[in-house]
Visitor: 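Here it is, the structure in full.
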There are 2 protein chains.
Amino acid sequence: MATMADVARLAGVSVSTVSYALSGTRPISLSTRERIEQAMLDLGYTPNAFARGLKSKRSRIIALLLPAQTASPRLSALEYILGASDHAQERGYHLMLWTAGVEAADDLAQFAGQGLVDGVLVLDVRPDDPRIQVLARAEVPFAMIGHNAEPDGLDYIATDFAHSARLAVEHLSELGHRKLGFVDAMSEVEGGDGARLGKELEEAAGRVGATMIPVAAEESVEGGRTAFAALAGADPQVSAIVVFSEHVVPGLMRAAAENGRRIPEDLSVICIDMAPHVAELTTPPMSTVGPSAVQIGQAAVDLLLRRLDGDAAPARQLLFQGELNLRGSCGPNPTTDHHPGSSTSQQRRYLQ
Amino acid sequence: MATMADVARLAGVSVSTVSYALSGTRPISLSTRERIEQAMLDLGYTPNAFARGLKSKRSRIIALLLPAQTASPRLSALEYILGASDHAQERGYHLMLWTAGVEAADDLAQFAGQGLVDGVLVLDVRPDDPRIQVLARAEVPFAMIGHNAEPDGLDYIATDFAHSARLAVEHLSELGHRKLGFVDAMSEVEGGDGARLGKELEEAAGRVGATMIPVAAEESVEGGRTAFAALAGADPQVSAIVVFSEHVVPGLMRAAAENGRRIPEDLSVICIDMAPHVAELTTPPMSTVGPSAVQIGQAAVDLLLRRLDGDAAPARQLLFQGELNLRGSCGPNPTTDHHPGSSTSQQRRYLQ
DNA sequence: CGGACCTGTCGATTCGTTTCGACTATTTCA
DNA sequence: TGAAATAGTCGAAACGAATCGACAGGTCCG
């Protein structure tokens, strides 16, 4: 590998001149700059990332912190990852993946302390997430996708669950549904995204005079089956289900079919924050509510880079509002007379 | 951030002693080592990654090169990524994501020349992939997932398509299917994975006395519809379809339903290399053939690290054999009398 | 009992950049 | 017309860790 010294020798200048020509920090005459550029081309010179990072304390690398669970990744995680990666690259940064369980706080401290990354993006933040403290203590700039219980003064970007809940419930209400189910992933932690969404759904249901029955399900095919059984057992009148866990969908749909309930004729199902590609795979294709994960990933990168550039900027907290994407899993409540009337929903969007 | 000098001062030794204590390169007395370790703990010392990389020329970072296409990622790409990332981390390496189109060869050369990464994993390699040349010229160790047209002397790991083809075709043949369709993603390049798989399917079909009609489809819902129409038009007798593109599945299944062909009663469908989570989402759940993407990701990491450690090792080329995962999208050919007989297939596995 | 050989430690140098201070030639303007 | 500013360049000193040579003291063996 060619070094700056090689370039300098070939161009007949000093090393510092090469450096200034490269960075533009000080004026360099046109003729000298051209000689240097030619020399760099001839030698195939590329600045060494380590020497640069060592001196300048900036690596132009950011890390994406994923919860470690190869076992059952949400497929929409891919959209966050790709969205963030592409966008970071466009902004001149590299994206490093760091898979670490919530328990591996020590490892994370080590990682953060190495100075390898300029900043960190934290995915799937839990209310009591210990990673946040570790990062704060290590004084590494970071931004969250989702947020913990005490997000004051921290940068984050999250889904506006109140908005999603309103869109979902109003849509179902317009279709005549009065008894709704809500299937959430079982979680050992209190107050996470599922709980927040549940609360908002409950309120939205109250506003339109509907009731909502929440069910916590294991994240598996079997869990979906169990959830369906639980809902049917709790109230056979439940005619629409809001789902917040990708993994329960297959079991839920199969259990419905096995119990003679067709979707959407006899039962409506709508998913929160499910990736479009995933939603297309079910039969019928799944109606969803939620913002684009790709966009959230991009916005998270922007948020983090803003902090890296202007250090003193006040923390910013962004809520992304989702859209209603109607595909085919929701229909009118068969047990009610349904008067469509004029729709009041504005963000609705019909897909092919 | 504390440096080695800080640790040395606190422990009352020289910097080099601290370094030797850390690396174990030279013997250090127990008492000194303990003093040093205590000092490191007190100061929360973590070695600086840049200084270390600059001196030692090793970063313990590997890159995963993805084709840039946020637009339509294969969901199983997530499994490669997570498999590789987890495994790299267990082996003490970091995983960096590099999203770059096949066209961005210059950027790639820059990236490789920085010395930032010790090695590179290349995903979705195409027959004429220019990235391979760039990496070879930059003398960066790399391993491929899939392979190009001239893989001699290069490390790679790939799906054994001959094996997958045999499993799929034999299974369909046992169910009495004689006319098979093969839906492949449309591609501007010749001789890629799809073409290889197609050839193997054709041969396997020949061996069991079946015929195979190949169709190239655009990777979209609409493409799937078109593919179904093309197959039905080419030969209405086609009773089973092998699919090699995740994105055409929804369109294909919907078109089948619209034409009154139920799966699996009237039409069998089987997918090659589709992730389990994805396969569970369809109705009926999709039968698949293929190795685990997670395992391939892990194996690719191992392959690359082997090259990083023992530089002189001869190139190794691994083919992963897939399994037949029967879920529910294949059934007996309704137009033939079907005599199940004793199965000869060995790798078959029935899932719940 | 004196070289050969360990054990344990230190100082100095090196990796490839960035950046500061210094210096020469020019230019600018009061 | 001379002081001040500016353009253009250089040398040297960091940045933080790895590593080589040196060396003091101790152990071993013939």
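Bear in mind that the values here come from a model prediction, so they are computed numbers and not experimental data. Naming: A, B, ... by sequence-line order, numbering from 1 per chain.
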Visitor: So, does B/R307 use its side chain to make a donor-acceptor pair with the main chain of B/P141 at under 3.5 Å?
Guide: no
Visitor: Taking the nucleotide of DNA chain C with the closest heavy atom to each, which residue, B/K57 or B/S16, is nearer the 5' end?
Guide: B/S16
Visitor: Tell me the interatomic distance from A/M40, atom CE, to C/dG16, atom P, rounded to whole angstroms.
Guide: 17 Å
Visitor: Listing request: all salt bridge (charged side-chain N to carboxylate O under 4.0 Å, His left out) pairs with a residue in residues 45-64 of chain B, at least two apart in sequence or in separate chains.
Guide: B/R58-B/D118
Visitor: Scan residues 110-119 of chain A against DNA chain C and write down, sorted by residue number, each residue with any heavy atom closer than 4.0 Å; if none is found, say none.
Guide: none
Visitor: Examine C/dG16: is either OP1 or OP2 under 4.0 Å from a nitrogen or oxygen in the side chain of A/R52? Give yes or no.
Guide: no
Visitor: Run the side chain to side chain donor-acceptor pair (under 3.5 Å) test against B/D302 and tell me which residues pass, sequence neighbours left out.
Guide: B/H87, B/R91
Visitor: Give the rounded distance in Å between these two atoms: CE of B/M4 and P of C/dC10.
Guide: 13 Å
Visitor: side-chain contact (heavy atoms from CB on, under 4.5 Å) with B/S187: which residues, sequence neighbours excluded?
Guide: B/V189
Visitor: Tell me if the side-chain of A/K55 makes a donor-acceptor pair with the base of C/dT18, cut-off 3.5 Å, by modelled atom types.
Guide: yes
Visitor: Taking only residues at least two apart or on different chains, which pairs with a member in residues 9-32 of chain A satisfy salt bridge (charged side-chain N to carboxylate O under 4.0 Å, His left out)?
Guide: A/D6-A/R9
Visitor: Under the side-chain contact (heavy atoms from CB on, under 4.5 Å) rule, collect the residues that match up with A/R316, sequence neighbours excluded.
Guide: A/D155, A/L303, A/R306, A/L318
Visitor: Going 5' to 3' along DNA chain D, which are the first and last nucleotides with any atom under 4.0 Å from a heavy atom of chain B?
Guide: D/dG16 to D/dA22
Visitor: Below 4.0 angstrom, which residues in residues 18-34 of chain B have at least one non-hydrogen atom near DNA chain D?
Guide: B/S19, B/Y20, B/R26
Visitor: Tell me, please, which residues at least two apart from A/S16 pass side chain to side chain donor-acceptor pair (under 3.5 Å).
Guide: A/S14
Visitor: Determine, stepwise, if the pair A/D42 / A/Q38 fulfils side-chain hydrogen bond (donor to acceptor under 3.5 Å, both in side chains).
Guide: CA-CA 6 Å; A/D42 291 350; A/Q38 189 56 51; 2.9 Å; yes
Visitor: B/D128 and B/N148: side-chain contact (heavy atoms from CB on, under 4.5 Å), yes or no, with the steps?
Guide: CA-CA 6 Å; B/D128 61 338; B/N148 62 354; over 6 Å; no
Visitor: Salt bridge or not for A/D193 and A/R126, using N-O below 4.0 Å?
Guide: no
Visitor: Quantified as the angle between the terminal helix axes (five pairs each), what is the overall bend of the helix from C/dC1-D/dG30 to C/dA30-D/dT1 to 10 degrees?
Guide: 40°
Visitor: Looking for any heavy atom pair under 4.0 Å, which part of the strands does B/V13 touch: base, sugar-phosphate only, or nothing?
Guide: sugar-phosphate
Visitor: Taking side-chain contact (heavy atoms from CB on, under 4.5 Å) as the test, write out the residues that go with B/T159, two or more places apart.
Guide: B/F161, B/S164, B/D273, B/P291, B/I296
Visitor: How close do A/I62 and A/A88 get, counting heavy atoms only, and between which atoms?
Guide: CD1-CB, 4.1 Å
Visitor: Does anything in residues 12-23 of chain A pair up under salt bridge (charged side-chain N to carboxylate O under 4.0 Å, His left out), and if so which pairs, sequence neighbours excluded?
Guide: none
